[in-house]
Amino acid sequence: RPAVSHGGRYVYYIAADTSLGNPVIRLDRETGEKERLHLGTMGNQELAVAEYPSADGMSVPWLAVVAVGDDKGRDVRNHLYAGPLAGWPGWQEGGK
């Protein structure tokens, strides 16, 4: 299932592409732009998003992703990754 940011601008979903490890994609509903988020996870299955205020009053999105490895048998343990999107690979200044 997709997850929607608090303000409704961004939709996060898992693309059904096993060759890329079922990547997490962020769709900007205002511009129509899609961006692959490089989270370091493989075999993504489920995700959730929440937003929390930072010390400077900005909203910081947090993602939680359940990942189960890949179709080649690498790292097939179940994992739960959770953390702020800001500062992760794939995140850019300005909330993109």
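Computed from a predicted model, the values in this text were never measured in an experiment.
- In the hydrophobic cluster analysis, where Ile, Leu, Val, Met, Phe, Trp and Tyr join through side-chain heavy atoms closer than 4.5 angstrom, Ile25 is grouped together with Val4.
- The line from CZ of Arg9 to CD of Glu30 is 4.0 Å long, rounded to the nearest 0.5 Å.
- Screening Leu39, Ile14, Leu37 for a side-chain contact (heavy atoms from CB on, under 4.5 Å) with Asn44, the sole residue that qualifies is Ile14.
- With a 6.0 Å cutoff to the six-membered ring centre and a 45° limit on the axis angle, Arg26 counts as a cation-pi contact of Tyr10.
- In terms of heavy-atom proximity, Gln45 sits nearest to Asn22 at NE2-ND2, 4.0 Å.
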> Yes or no on side-chain contact (heavy atoms from CB on, under 4.5 Å) for Val66 and Leu47, after CA distance, side-chain angles and deciding distance?
Replying inline: CA-CA 6 Å; Val66 174; Leu47 67 91; over 6 Å; no
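- Partners of Leu27 according to the side-chain contact (heavy atoms from CB on, under 4.5 Å) rule, which considers only residues two or more places apart in sequence or in another chain, are Val11, Tyr13, Lys34.
- Of all non-hydrogen atoms in Val65 and Thr41, the two that sit nearest each other are CG1-OG1, 4.4 Å.
- Side-chain contacts under 4.5 Å among hydrophobic residues (ILVMFWY), followed directly or transitively, place Leu20 with no other residue at all.
- Annotation: side-chain hydrogen bond (donor to acceptor under 3.5 Å, both in side chains) contacts of Glu51 (sequence neighbours excluded): Ser59.
- Closest non-hydrogen pair, Pro61 versus Val49, comes out as CB-CG2, 4.4 Å.
- Here the closest heavy-atom approach between residue Arg36 and residue Pro23 is recorded as NE-CB, 3.5 Å.
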